[in-house]
Every structure is written in C-alpha cells, then in structure tokens.
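Structure record follows, encoded as structure tokens.
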Amino acid sequence: LAFSFRHALIHDVTYESILRKDRRDLHGRVGDAIVSHHGERPEDAPILARHYEQAGDNDKALHYLLAAGEAAGARHAMPESHHFYRRALDLLAADSSASVERRIDVALSTAAAGMRFIPGGETVAALEAVRQEAEGLGDPDLLARVYALSLRVRAMLEESYADPGFRDIMDRAYALAPQVHQPELRAYLEGMMGQALRSADEFARAVELVGGSVAPLEAAGRVGEAGFNAALTADVEASRGRFSEADQWIERGGELGAARGNPNVIADVELMKGRIAAARGELQTALEHTRLGTETAEGAGNVECTLVGNFLIADQYLRSGEAAAAIPHLERTFELGEFCNAEAMVGLGRAWLATAKARLGDLDPAGFSAPLEMAQAGGSRSGEAAVRLQRAIAVAGGPEPDWAQAVEDFERAIALFGEIGARPDQARAIHAYANALKATGRDDESATQLTAATNMFDSMGIVPDG
C-alpha cells in the first residue's frame with residue numbers, strides 16, 4: 001500500500017504539522033517497515049539512510065549511507081557515491097565514540113569517490129589530515145591505502161618528485177611497501193608508486209611497477225584499478241616506442257574495463273588508445289579514440305579525464321595542422337584545469353595556445369616563458385622538452401625567425417627526450433629540426449638530421465607528422 005500527495009505544498013504543510021518527536025518516530029518506523037518488507041536491498045539504501053538520519057538513529061543511518069556509497073560506486077556513479085560517503089563522514093565527525101580507524105576508512109572512500117571531479121587541492125588537504133592520523137596508528141596496511149591514494153591524486157595534479165609533498169609521500173611509501181601484509185594492497189601501493197614514477201619520466205621503472213600490479217589487482221577483484229594500470233602501462237610503453245608491448249597492454253586494459261562496464265576505465269582506455277595512435281603518427285585514428293574517451297568521461301562526470309581529453313584533442317589538431325580547431329579545446333582545458341588545480345596541465349596548455357596563435361599569424365615567443373619556467377621548476381624533463389619543441393617550431397616558422405633561440409630549443413628538446421627514453425617524441429623533434437635547418441640553408445646538417453629521424457621512424461613504424 002502506498003500513498004502520494006497531489007501537490008508538494010500539501011506534503012510540506014502536512015509534514016511540518018507533525019511534532020518533531022513524532023516525526024523522528026515515524027521516520028524510524030518507516031525505515032524498519034521497509035527493511036521488514038523488502039530486506040536489505042542495495043537500491044533501498046539511500047531512502048533508508050534518509051529515514052534513519054531523520055529518526056536520529058545514527059548507527060543505522062551510517063550503515064545505509066555506506067551501503068549507498070558502495071552501491072553507487074559499483075554503478076560507477078561517482079558523484080552520487082561521494083555524496084553518500086560525505087554524509088557518512090559528517091555523521092562520524094559528530095560522533096565522539098567513533099574509532100579513528102573507521103573515520104580514516106570512510107575518509108579514504110570519500111576521497112577516492114571524489115578524486116576525479118572534486119578540486120585536487122581540496123582532496124590533497126583532506127588526505128594530508130588523514131595521513132597524520134593514520135601514521136599515529138602504525139598500521140602498515142591502512143597506511144598503504146593512504147599513501148597510494150595520496151600519490152594518485154598528486155600525480156593527477158602533475159606533481160613530481162621535485163615537489164616536497166610528493167617526495168615525502170613517495171619516500172614513505174617506498175619504505176612502507178615491504179611491510180604491507182595484504183598482497184593486493186602491496187600491489188595497489190606499488191602501482192601508485194609506478195604512476196608517480198611515470199610522472200617523473202622514469203619510464204622503465206614505471207612499467208615494472210604499474211604493469212606488475214595488474215595481475216594481483218585483478219585476482220583481488222579490483223578490476224577497475226587493474227584496467228587503469230594496464231592502460232597506463234600501454235601508454236608508457238608507447239612513449240618509449242615499444243608499440244608491440246603497448247598493443248598487448250591496451251588490449252588487456254580494454255578487456256578489464258569492458259568486464260565491469262566501468263565508464264571511467266573505458267574512458268581511460270580510449271584516451272590511452274588515442275595517445276598510442278598519436279605516438280605512431282596516426283592522427284585521425286587518435287582523434288577518434290580521444291573524442292570517444294573524452295565524451296565517455298564527461299558523461300560519467302569524470303572531470304580529470306575530460307580535462308586530459310581536451311588537451312590531447314588540441315594537441316592532435318595542432319599536429320594535424322588545424323590550429324583554429326585546437327583553440328576551443330585549449331580553452332576548455334584552462335576552464336577544467338583551474339577547477340581541478342591542475343597547474344601543470346594549464347601551463348602546457350598555455351604553451352600549446354601560443355603555438356596555435358603563432359600558426360594563425362600571431363607569434364608571441366613570450367607566451368612560452370611561463371610554461372617553460374613551470375616545467376623546469378617542477379623538474380619535468382618531458383614538460384620542458386615539449387614546451388621547448390613547441391617554441392622552437394613556432395619561432396622557426398615566424399616571419400623573422402630568431403634562429404639562435406630556435407636551434408637552442410630544438411637541441412635541448414632532442415637531448416631531454418633522449419634522456420628519458422621518449423623515442424617517438426625525440427624522432428619528431430629531430431624531424432622538425434631537420435626542416436628548420438633546411439629553411440636556413442644548412443642543407444648538409446638538415447640531411448643528417450632527416451636521416452636520423454627517418455631511421456628512428458622506420459624502426460618504430462611511425463608515420464611522420466605532415
């Protein structure tokens with residue numbers, strides 16, 4: 001038997017006319033009746049949480065809020081999941097008898113649910129508070145969860161080992177890893193450490209740790225994390241020019257994402273497929289995958305992947321010679337990057353915008369200065385190399401080229417890409433350098449560089465940019 005009100009005002013007036021004590025009693029009775037009639041169904045958890053909250057039964061409210069958060073997470077509805085965990089955390093904060101362990105556990109669930117759409121600085125601050133409490137308990141498995149999630153969020157913000165906060169967590173995680181008891185937690189922590197190493201341009205070690213975490217995470221049922229790590233391993237292998245390995249890993253990531261229908265992993269896989277195709281020089285294919293990944297991420301409320309996707313689309317348009325098409329995606333990158341506190345991504349976007357404007361006839365070499373300084377200050381060799389390459393190409397293509405500046409940037413970019421083992425990017429930098437040298441009349445040097453680039457392209461099966 002069910003009743004409904006013809007108008008919301010009738011409902012409100014009727015509800016407000018009931019004494020507060022009676023209202024609390026009614027809410028409790030309604031909650032008990034739902035459980036008695038239907039049992040504990042996941043779909044009922046949100047309404048049960050609300051009734052027990054209104055009834056003042058915080059123990060039952062907390063139980064159903066956590067169940068609702070878990071159920072929403074299983075459906076990959078992360079904003080909804082975060083909402084329920086946040087309410088649960090608020091209840092625990094008001095409960096002086098709640099254990100520290102439980103508060104930490106719920107705080108980690110809240111941060112994990114919100115990390116793709118809550119501003120990164122806010123999540124970092126919350127995790128720092130959790131870390132201090134967890135370190136006081138001395139439980140290595142609990143600390144592993146804290147450190148791993150902290151590294152993940154900081155890596156999303158493009159932090160590297162040069163950043164003090166990142167370095168502190170990384171050093172603590174490295175020392176802790178041998179003490180972690182649960183194999184899946186150790187794999188999770190090592191996977192996060194590998195992601196951090198990837199951000200620090202340590203490709204070989206990143207592949208070892210991230211790739212090595214996939215099987216244990218899958219065996220433990222953490223399929224989403226396993227799928228993401230498989231896709232990330234593919235991306236790192238492609239960055240090294242190891243495309244056969246990249247193809248195997250991206251196929252595995254796709255299988256794991258599809259196995260659970262996780263839109264976040266599906267978005268990650270499509271974005272990584274786009275990056276792999278772009279590394280091969282297959283720019284139209286890259287755009288198709290990247291657009292699909294970005295649309296999937298946006299539909300899932302995944303701000304982080306939507307941010308990355310827009311930047312990648314802009315890059316692929318620029319490499320395809322479509323500077324005007326790149327600009328709206330760079331503007332979207334700035335909008336989302338400022339929301340997420342992704343300063344490094346915004347900095348790179350500013351350099352790409354300067355490149356787009358230069359190609360449209362508005363060259364301003366100063367537009368590259370702040371992004372370059374940011375990359376250098378953050379210790380990002382890949383970031384510095386990328387900005388220098390963009391500036392070199394823009395300056396060399398200007399109406400009155402500063403050849404000394406362009407040559408310096410080309411040679412430094414080529415050296416940095418070589419240092420970190422980013423062979424596809426290095427080959428493209430050498431190819432662009434060869435074209436610039438030819439424009440200056442240095443034909444012999446140009447021919448030497450062109451031969452080197454062509455040999456690298458052929459060895460990796462890469463199509464040069466037009």
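The analysis underlying the following values was restricted to heavy atoms, covering all of them including side chains, and did not include hydrogens, waters or symmetry mates.
- Partners of Asp409 according to the salt bridge (charged side-chain N to carboxylate O under 4.0 Å, His left out) rule, which considers only residues two or more places apart in sequence or in another chain, are Arg388, Arg391.
- With sequence neighbours left out, Phe228 forms a ring-ring contact (aromatic ring centres under 6.0 Å, His included) with no residue at all.
- Checked against side chain to side chain contact (heavy atoms under 4.5 Å, CB included), Asp402 has the following partners two or more places apart in sequence or in another chain: Val395, Ala404, Gln405.
- Remark: Phe334 engages no residue in a ring-ring contact (aromatic ring centres under 6.0 Å, His included) (not counting sequence neighbours).
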Pair up each side-chain donor or acceptor in residues 450-458 with any protein partner under 3.5 Å, not counting sequence neighbours, and list the distances.
{"from": "Thr451", "atom 1": "OG1", "to": "Ala447", "atom 2": "O", "distance (Å)": "2.9"}
{"from": "Thr454", "atom 1": "OG1", "to": "Leu450", "atom 2": "O", "distance (Å)": "2.8"}
{"from": "Asn455", "atom 1": "ND2", "to": "Thr451", "atom 2": "O", "distance (Å)": "3.3"}

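- Taking the salt bridge (charged side-chain N to carboxylate O under 4.0 Å, His left out) definition, one finds that Arg145 meets it with Asp105, sequence neighbours left out.
- Listed by chain and number, the residues in a side chain to side chain contact (heavy atoms under 4.5 Å, CB included) with Cys340 are Val303, Ala342 (sequence neighbours excluded).
- The salt bridge (charged side-chain N to carboxylate O under 4.0 Å, His left out) test applied to Asp425 returns Arg428, not counting sequence neighbours.
- Take Glu133 and apply the side chain to side chain contact (heavy atoms under 4.5 Å, CB included) test, not counting sequence neighbours, and it matches Val100, Arg103, Ile104.
- A salt bridge links Asp168 with Arg172: the distance from a Lys NZ or Arg NE/NH1/NH2 to an Asp or Glu carboxylate oxygen falls below 4.0 Å.
- With sequence neighbours excluded, the residues satisfying side chain to side chain contact (heavy atoms under 4.5 Å, CB included) with Glu225 are Tyr188, Leu217, Arg222.
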Return all side-chain donor-acceptor pairs below 3.5 angstrom for residues 343-350, not counting sequence neighbours, or 'none' if the list is empty.
none

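- When each of Arg131, Met115, Arg154 is checked for a side-chain contact (heavy atoms from CB on, under 4.5 Å) with Leu149, only Met115 meets the rule.
- Every residue two or more places apart in sequence or in another chain that forms a ring-ring contact (aromatic ring centres under 6.0 Å, His included) with Tyr433 is listed here: Phe410.
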